[in-house]
Asker: 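Have a look at this one.
Just the heavy atoms: all of them, side chains too, but no hydrogens, waters or symmetry mates, feed the values below.
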Amino acid sequence: MPNAYWIGRIDVIKPEYTKAYGPALTAVLRKYGAKFRVRGGTFEAVEGKSRERNIVIEFKDYETALACYRSPEYTKARELRAGAVDIDIIVIEGYDGPQPTD
């Protein structure tokens, strides 16, 4: 079964309102066994539109990724950043098939 990911693109509008969100997010991700694979970092938008920050969070499977996003704990965490960010998040299943190097 392939892993799954949250992929997020974020513009921070009011940084002062996001301070409580980080610790709340960390607690939720810990509960669901998630790992950051991308958290900010240097990037170049080579096609299309971008936002100022990017995240990729890995979960053991698609069901766990969705359960985390829909959890009461994450709902409360999201409320802490309401109005402080413009954000796009997708939950996507990883790919476990043939690769170009095969």
Asker: Quick check: closest heavy atoms across Y32 and E73, and the distance to 0.1 Å?
Answerer: OH-OE1, 4.2 Å
Asker: Side chains of R9 and I89, heavy atoms from C-beta outward: is any pair under 4.5 Å?
Answerer: no
Asker: Under a 4.0 Å threshold between the charged nitrogen and the carboxylate oxygen, would R53 count as salt-bridged to D11?
Answerer: no
Asker: For the hydrophobic clusters of this structure (ILVMFWY residues joined by side-chain heavy atoms under 4.5 Å, transitively), does one cluster hold both I92 and V38?
Answerer: yes
Asker: Do you know which two heavy atoms are closest between V28 and C68, and how far apart they sit?
Answerer: CG1-SG, 3.5 Å
Asker: Is it true that atom OH of Y17 has more than 12 heavy atoms of other residues, nucleotides or ligands lying nearer than 6.0 Å?
Answerer: no
Asker: Out of curiosity, does I7 fall in the hydrophobic cluster containing L29 (side-chain heavy atoms, cut-off under 4.5 Å, transitive links)?
Answerer: no
Asker: Decide whether V56 and F59 are clustered together by the hydrophobic rule: side chain heavy atoms of Ile, Leu, Val, Met, Phe, Trp, Tyr closer than 4.5 Å, transitively.
Answerer: no
Asker: Measure from the ring center of Y74 to the ring center of W6 and say whether it is less than 6.0 Å.
Answerer: yes
Asker: Report yes if some heavy atom in the side chain of E79 is under 4.5 Å from a heavy atom in the side chain of T75; otherwise report no.
Answerer: yes
Asker: Does anything in residues 59-69 pair up under salt bridge (charged side-chain N to carboxylate O under 4.0 Å, His left out), and if so which pairs, sequence neighbours excluded?
Answerer: none
Asker: Could you grab the distance from atom NZ of K35 to atom CZ of R37, nearest 0.5 Å is fine?
Answerer: 5.0 Å
Asker: Checking E58 side chain against N3 main chain: does a donor-acceptor pair fall under 3.5 Å?
Answerer: no
Asker: If we only count heavy atoms from C-beta on, is the K14 to T18 side-chain gap below 4.5 Å?
Answerer: no
Asker: Given the rule that I, L, V, M, F, W and Y join up when any side-chain heavy atoms are under 4.5 Å apart, are F36 and I87 in one cluster?
Answerer: yes
Asker: Within the 4.5 Å heavy-atom criterion, are T64 and L66 side-chain neighbours or not?
Answerer: no
Asker: Where do A77 and L25 come nearest, in terms of heavy atoms and distance?
Answerer: CB-N, 4.3 Å
Asker: Check A45 against S50 and note the closest heavy-atom contact, atom names and distance.
Answerer: CB-CB, 3.6 Å
Asker: Any chance you could measure I10, atom CD1, to D86, atom CG, to the nearest 0.5 Å?
Answerer: 10.5 Å
Asker: Please answer: with hydrophobic residues joined when any side-chain heavy atoms are less than 4.5 Å apart, are Y62 and M1 in the same cluster?
Answerer: no
Asker: Which atom names give the shortest non-hydrogen contact between F43 and E52, and what distance separates them?
Answerer: CE2-O, 3.6 Å
